[in-house]
There are 2 protein chains.
Amino acid sequence: MQQELKSEFTKQLIIDKAFNLFYEHGFKTTSIDKIMKETALSKGAFYHHYKSKKELGLEVIQLKVQKRVVDGMIAPLKEPGNAFDILESVFINRLKEFPFYDKQHGCPMNNFINELGDNEVLYQTALKSIIEKWKAALIELIERGKRENSIKQEISNQAVAVYLISSFEGIRGIRKLYDNDAILVDYLSGLQLYLKQIKV
Amino acid sequence: MQQELKSEFTKQLIIDKAFNLFYEHGFKTTSIDKIMKETALSKGAFYHHYKSKKELGLEVIQLKVQKRVVDGMIAPLKEPGNAFDILESVFINRLKEFPFYDKQHGCPMNNFINELGDNEVLYQTALKSIIEKWKAALIELIERGKRENSIKQEISNQAVAVYLISSFEGIRGIRKLYDNDAILVDYLSGLQLYLKQIKV
DNA sequence: ATATAAAAATACCAGTTAGTATGTTTTTGT
DNA sequence: ACAAAAACATACTAACTGGTATTTTTATAT
């Protein structure tokens, strides 16, 4: 039982260090050696717990990347309250709250999507699953807004959800290029305009 | 003179093959060896014309990546005609016209941004320059629309420009994950809604 | 024609890559 | 106490990486 705990602890350590390195330097250009140097364990330990780098990549996506999106963008949508207000505050506040490091390095999910999204069907599926969860939560919130009459009836839930996600991920990438938040301010004004269109 | 032409031809050949490989497999994971195998020339030839892989990367961005964006998204904005109609048709038609290969592999510029945007200031500057050109052309078109009264006066040119670019680049990445165009259809509906908001 | 310079080829380097083979140490059930 | 298994370490491989040094081929100017 103590062994099982140790194993779990080690795997978590590897996943954590791997996520940080993938986030900062990309998946393909982060080597197992670099990851294991961070954990202060050996390569042998890695290949005892994982059969390949691909397996680790998938776990990082499913456990770390997904968690970030769920905690930051999906779970808040399910809180009680005025649906429109929630939509507005989640998209606007989340972007403002990012630390400098996260603005500089973009969205981990978006990074994975752009690096691996056209590569391997397993990565594709894992990433698609996160997007679909996000989309479903948005659709449900918009529907809620329609029921409580805070969001216009005539708009397409799907379309608004996809458009919001697209622009959010797009700006998280573009922001990397700049050394200040001016572009984010423009994005937020543009987003406000969009939200005004769906508000009842 | 014949020598100069030959040199120019070779450089162009290297740039073309490099662009294709970068587009399909990413910049960092495409080796000089692979590029030169495509050109059927030797590594010696490469390092005769380029001092480093970084120098090639910059030329690919400045010559090939930029040209794609200019030809597809910027130049059409400068054509004569109703400003709103142009805005609508460029964003909508361009997305529909992409061949399968381009849908699968996303936007070359966006790929570079996400892979190298937080890496090196030289890449950053080269990519930022394309975004700024695009943004400027959009702002000018929106201004034109305001003058001819096809676009609402009260909206912020900057904000709309940045939001349009963000969502476009975002969806080009996300589309990679899917094997059909359903997500693009949703995006286009969402975009239509946005454009309706700025139409006079 | 020939010296010179540009273009390209060949051979190489030291470092890195994912992954393997084979150990040693630690935990566990008996 | 001890055999088995799990956790981890060490040493290694073959292929690949960006880049260099050196030589051969081709074009050019006189």
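Chain identifiers are assigned alphabetically (A, B, ...) following the order of the sequence lines, protein sequences preceding nucleic acid strands; residue numbering begins at 1 within each chain.
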Peer 1: When every nucleotide of nucleotides 7-23 of chain D is labelled 5' to 3' by its protein contacts under 4.0 Å (heavy atoms), B for base, S for sugar-phosphate only, - for none, what sequence of letters results?
Peer 2: BBBB------BBBB---

Peer 1: When the ring planes of B:Trp134 and B:Phe168 are compared, do they come out parallel, tilted or perpendicular, using 30° and 60° as the limits?
Peer 2: perpendicular

Peer 1: For B:Phe9 and D:dA27, give me the distance from atom CZ to atom C1', rounded to whole Å.
Peer 2: 17 Å

Peer 1: B:Lys11 has an atom NZ; how far is it from atom P of C:dA8, in whole Å?
Peer 2: 12 Å

Peer 1: Is a donor from one side chain sitting under 3.5 angstrom from an acceptor on the other, for B:Lys133 and B:Ser129?
Peer 2: yes

Peer 1: Is it the case that more than 12 heavy atoms not belonging to A:Glu140 sit under 6.0 Å from its CD atom?
Peer 2: no

Peer 1: Has B:Asn110 got a side-chain atom pairing as donor or acceptor with B:Glu169's backbone, closer than 3.5 angstrom?
Peer 2: yes

Peer 1: How far does the helix from C:dA1-D:dT30 to C:dT30-D:dA1 bend, going by the axes of its first and last five pairs, to the nearest 10°?
Peer 2: 10°

Peer 1: Does NZ or CZ of A:Lys53 fall inside the cone over A:Phe46's six-membered ring, less than 6.0 Å from its centre and within 45° of the axis?
Peer 2: no

Peer 1: Determine whether the aromatic ring centres of residues B:Phe91 and B:Tyr187 are separated by less than 6.0 angstrom.
Peer 2: no

Peer 1: So, A:Glu148 side chain and A:Ala83 main chain: donor-acceptor pair closer than 3.5 Å or not?
Peer 2: yes

Peer 1: I need the NZ-P distance between A:Lys37 and C:dT17, as an integer number of Å.
Peer 2: 11 Å

Peer 1: Can you spot which of A:Glu24, A:Arg172, A:Lys176 makes a side-chain hydrogen bond (donor to acceptor under 3.5 Å, both in side chains) with A:Asn111?
Peer 2: A:Lys176

